[in-house]
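Quick caveat: nothing in here was measured; it's all calculated off a predicted structure. Below, each value reflects all heavy atoms present in this structure, side chains not excepted, and no hydrogens, waters or symmetry copies.
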Amino acid sequence: MDFSLTEDQLAFQDLAAGFARDEMEPHAREWDEKSIFPVETLRKAAALGFAGIYVREEVGGSGLTRLDAALIFEELAKGCTSTAAYISIHNMVGWMIDRFGSDELRQRYVPDLCTMARFGSYCLTEPGSGSDAASLRTRAVREGDHYVLNGSKAFISGGGAADIYIVMARTGGEGAGGVSCFVVEKGTPGLSFGAQEIKLGWKSQPTAQVNFTDCRIPAGNRIGEEGEGFKFAMAGLDGGRLNIGACSLGAAQTCLDRAIAYMKERRQFRKALTEFQALQFRLADMATELEAARLLLHKAAIAVNDKAPGATRLAAMAKRLATDTGFAVVNEALQLHGGYGYLRDYPIERYLRDVRVHQILEGTNEIMRVIIARDLLGR
């Protein structure tokens with residue numbers, strides 16, 4: 001077992017860290033306060049290969065591994081957690097088309113996704129089906145050489161701003177086996193969007209309901225065969241869970257680093273905060289828990305990349321631990337800042353708002369426990 005990173009991985013990590021520091025962090029507060037979707041910054045990230053990290057090179061991707069992606073997303077999240085999380089979702093869209101789509105779909109959509117000439121969104125959750133995703137009601141009916149879609153998707157990152165929507169819709173009977181996967185382009189008649197959601201965090205990425213009303217798309221826009229959509233959706237989420245976990249770790253690590261710097265300067269009772277052993281112990285626990293979560297996440301990333309047995313369980317474990325740990329560490333860092341941590345003059349409160357949703361999306365952490373338990377019990 002070799003826990004050291006390769007020279008290439010250290011280079012990817014350093015590249016992402018520099019981009020986060022120079023191109024994201026200086027603007028993150030403005031993006032948050034004004035709900036700005038930073039299109040040009042996203043395209044700069046794409047120019048570095050961050051929009052198709054594990055997409056094949058023949059269609060414009062970087063051809064890297066899931067572990068490489070985890071390293072990159074941890075660094076990007078230190079600059080702006082919300083924006084890094086959108087890049088993760090965009091990567092999932094490109095990968096799903098590249099991995100499961102026809103060659104015609106791959107050539108039509110993936111190169112533009114890899115440059116972010118076009119942005120992608122992933123549409124699974126519905127107003128009436130969140131954790132119970134297999135009960136989705138959006139329906140696609142075959143009519144000759146087309147499908148007609150009707151239904152709605154909720155909480156869609158990129159909703160209204162994205163150009164390409166990966167949509168899970170029911171083509172058959174109840175349950176997971178009746179779900180198929182489609183590509184729907186912005187501008188298709190019958191595709192519309194709800195008002196932008198007003199959120200606690202994740203304000204640098206638009207979020208809206210996506211609606212389909214007799215939305216007619218070519219049959220060739222189906223990814224794979226009928227009935228395979230739920231399998232594709234879950235495969236996409238394995239990687240998405242790793243990336244969101246990495247984003248939580250990145251936010252937590254920068255908050256820990258900021259807390260240490262603050263404590264070295266802040267004095268109470270004639271001593272720097274770092275001289276109080278009780279606070280030293282809290283820092284030690286934060287660092288230890290972060291490192292443990294990081295190691296599990298990296299192990300899961302290798303398993304998902306290698307399609308190893310138990311990879312889905314490991315991804316669920318890693319997502320649960322990384323997002324819970326990430327939020328706890330950011331929350332503790334805010335506490336160590338005292339009243340200043342609650343002010344927008346310091347970025348800790350923004351990281352706190354951004355990481356909170358990581359315990360909900362890509363499958364709630366309660367659902368992660370369901371996945372883990374079912375696998376352990378052979379169900």
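- Cluster annotation: V93 is connected to F230 through the hydrophobic network of ILVMFWY side chains, with a link wherever side-chain heavy atoms come within less than 4.5 Å.
- E75 places no side-chain N or O within donor-acceptor distance of the main-chain N or O of I72, the cut-off being under 3.5 Å.
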With side-chain hydrogen bond (donor to acceptor under 3.5 Å, both in side chains) as the criterion, how do T254 and R258 come out once you've worked through the C-alpha distance, each side chain's angles and the decisive distance to 0.1 Å? CA-CA 6 Å; T254 193; R258 290 166 189 270; 3.3 Å; yes
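- Distance alone, capped at 3.5 Å, places no donor-acceptor pair between the S62 side chain and the L64 backbone.
- Contact annotation: the side chain of I223 approaches that of F232 to within less than 4.5 Å [non-hydrogen atoms, C-beta and beyond].
- Although no hydrogens or angles enter the test, the distance criterion places a donor-acceptor pair under 3.5 Å between the side chain of N150 and the main chain of D214.
- A distance-only check finds a donor-acceptor pair linking the side chain of D354 to the backbone of W202 [under 3.5 Å].
- In this structure R374 satisfies the side chain to side chain donor-acceptor pair (under 3.5 Å) test with no other residue, sequence neighbours excluded.
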Would you check, one step at a time, whether the test side-chain contact (heavy atoms from CB on, under 4.5 Å) holds for K153 with Q209? CA-CA 6 Å; K153 299 292 180 178; Q209 187 163 303; 6.0 Å; no
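- In this structure, the side chain of R56 does not engage the main chain of V59 through any donor-acceptor pair within 3.5 Å.
- Here H337 and Y346 bring their ring centres to under 6.0 angstrom of each other.
- D32 and S82 are not linked by any side-chain donor-acceptor pair at a separation below 3.5 angstrom, with hydrogens and angles left out of the test.
- A side-chain donor from one of Q253 and R294 sits under 3.5 Å from a side-chain acceptor of the other.
- Side-chain contact between Q277 and Q280: present, with at least one pair of heavy atoms (C-beta onward) separated by less than 4.5 Å.
- Remark: side-chain polar atoms of D112 are not paired, donor with acceptor, to backbone N or O of A117 under 3.5 angstrom.
- Rounded to the nearest 0.5 Å, atoms CG (L290) and CG (L321) are 9.5 Å apart.
- Atom-to-atom distance recorded for K199:NZ and S35:OG is 7.0 Å, nearest 0.5 angstrom.
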Kindly indicate, with the supporting measurements, whether the criterion salt bridge (charged side-chain N to carboxylate O under 4.0 Å, His left out) is fulfilled by K203 and E33. CA-CA 8 Å; K203 293 187 176 182; E33 291 183 349; over 6 Å; no
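- Formation of a donor-acceptor pair under 3.5 Å by the R216 side chain with backbone atoms of L149 is not found in this model.
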Go through I53 and T65 one step at a time and tell me if the side-chain contact (heavy atoms from CB on, under 4.5 Å) criterion holds. CA-CA 8 Å; I53 297 172; T65 69; over 6 Å; no
Start with the C-alpha distance between V357 and L200, add both sets of side-chain angles, then the distance that settles side-chain contact (heavy atoms from CB on, under 4.5 Å), and finish with yes or no. CA-CA 9 Å; V357 75; L200 175 69; over 6 Å; no
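- M168 and C181 make their closest contact through SD-SG, 3.7 Å (heavy atoms, listed as atom of the first residue, atom of the second, distance).
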When you look at Q359 and T323, which way does the side-chain hydrogen bond (donor to acceptor under 3.5 Å, both in side chains) test go after all the steps? CA-CA 6 Å; Q359 296 168 290; T323 57; 5.5 Å; no
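- Of the options F37, F73, F50, Y122, a ring pair (Phe, Tyr, Trp, His ring centres under 6.0 Å) to Y86 is made by F37 and by none of the others.
- Ring pair Y165/F193: centre-to-centre distance below 6.0 Å.
- A distance-only check finds no donor-acceptor pair linking the side chain of R29 to the backbone of W31 [under 3.5 Å].
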Intermediate values then yes/no, side-chain hydrogen bond (donor to acceptor under 3.5 Å, both in side chains), N243 and N91: CA-CA 10 Å; N243 296 344; N91 268 266; over 6 Å; no
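- In this view, Y147 and F182 satisfy the ring pair (Phe, Tyr, Trp, His ring centres under 6.0 Å) rule, not counting sequence neighbours.
- A 4.5 Å side-chain heavy-atom check between V55 and C114 finds at least one atom pair inside the cut-off.
- Ion pairing of E366 with R320 is absent here, as no side-chain N (NZ or NE/NH1/NH2) approaches a carboxylate O to less than 4.0 Å.
- The minimum heavy-atom distance between L361 and I244, with the atom names listed, is CD1-CG1, 3.8 Å.
- In terms of modelled atom types and a separation under 3.5 Å, the side chain of E126 and the main chain of T138 share a donor-acceptor contact.
- Nearest heavy-atom pair across G120 and H90 is N-ND1, 3.1 Å.
- Here the shortest heavy-atom pairing between L242 and A300 reads CD2-CB, 3.6 Å.
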With side-chain hydrogen bond (donor to acceptor under 3.5 Å, both in side chains) as the criterion, how do S152 and N211 come out once you've worked through the C-alpha distance, each side chain's angles and the decisive distance to 0.1 Å? CA-CA 4 Å; S152 295; N211 304 309; 2.8 Å; yes
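- In this structure the side chain of Y340 never reaches within 4.5 angstrom of the side chain of I348, judged on heavy atoms.
- Residues A70 and A246 approach most closely at O-CB, 3.5 Å, considering heavy atoms.
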K34 and E30: salt bridge (charged side-chain N to carboxylate O under 4.0 Å, His left out), yes or no, with the steps? CA-CA 6 Å; K34 298 180 180 178; E30 182 183 15; 3.4 Å; yes
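- Here the closest non-hydrogen pair linking S204 and T83 is OG-OG1, 2.8 Å.
- To the nearest 0.5 Å, the span separating CZ on F276 from CG on L273 amounts to 6.5 Å.
- Checked by atom type, the side-chain pair D2/S4 shows a donor-acceptor distance below 3.5 Å.
- A donor and an acceptor atom, one from each side chain of S157 and Q205, are located under 3.5 Å apart.
- Looking at T312 and D238, their side chains do bring a donor and an acceptor atom within 3.5 Å of each other.
- Here C255 contributes atom SG and I260 contributes atom CD1; the two are 11.5 Å apart, rounded to the nearest 0.5 Å.
- Atom NZ of residue K319 and atom CG of residue L237 lie 10.0 Å apart, to the nearest 0.5 angstrom.
- When only modelled atom types and interatomic distance are considered, S135 and D132 share a side-chain donor-acceptor pair under 3.5 Å.
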Salt bridge (charged side-chain N to carboxylate O under 4.0 Å, His left out) between R106 and D98, intermediate numbers included: CA-CA 5 Å; R106 293 177 64 236; D98 181 45; 2.8 Å; yes
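- A cation-pi arrangement is absent between K44 and F19, since the terminal nitrogen or guanidinium carbon is not both under 6.0 Å from the aromatic centre and inside a 45° cone about the axis.
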Check against side-chain contact (heavy atoms from CB on, under 4.5 Å), L376 and R313: CA-CA 9 Å; L376 290 172; R313 180 182 72 190; 3.5 Å; yes
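- Side chain of T325 to backbone of A322: no donor-acceptor contact under 3.5 angstrom is found.
- To the nearest 0.5 angstrom, C247 atom SG is 9.0 Å from L249 atom CG.
- A 6.0 Å sphere centred on CD of E104 holds more than 12 heavy atoms belonging to other residues, nucleotides or ligands.
- Hydrophobic cluster membership is shared by Y54 and F12, with clusters built from Ile, Leu, Val, Met, Phe, Trp and Tyr side chains linked at under 4.5 angstrom.
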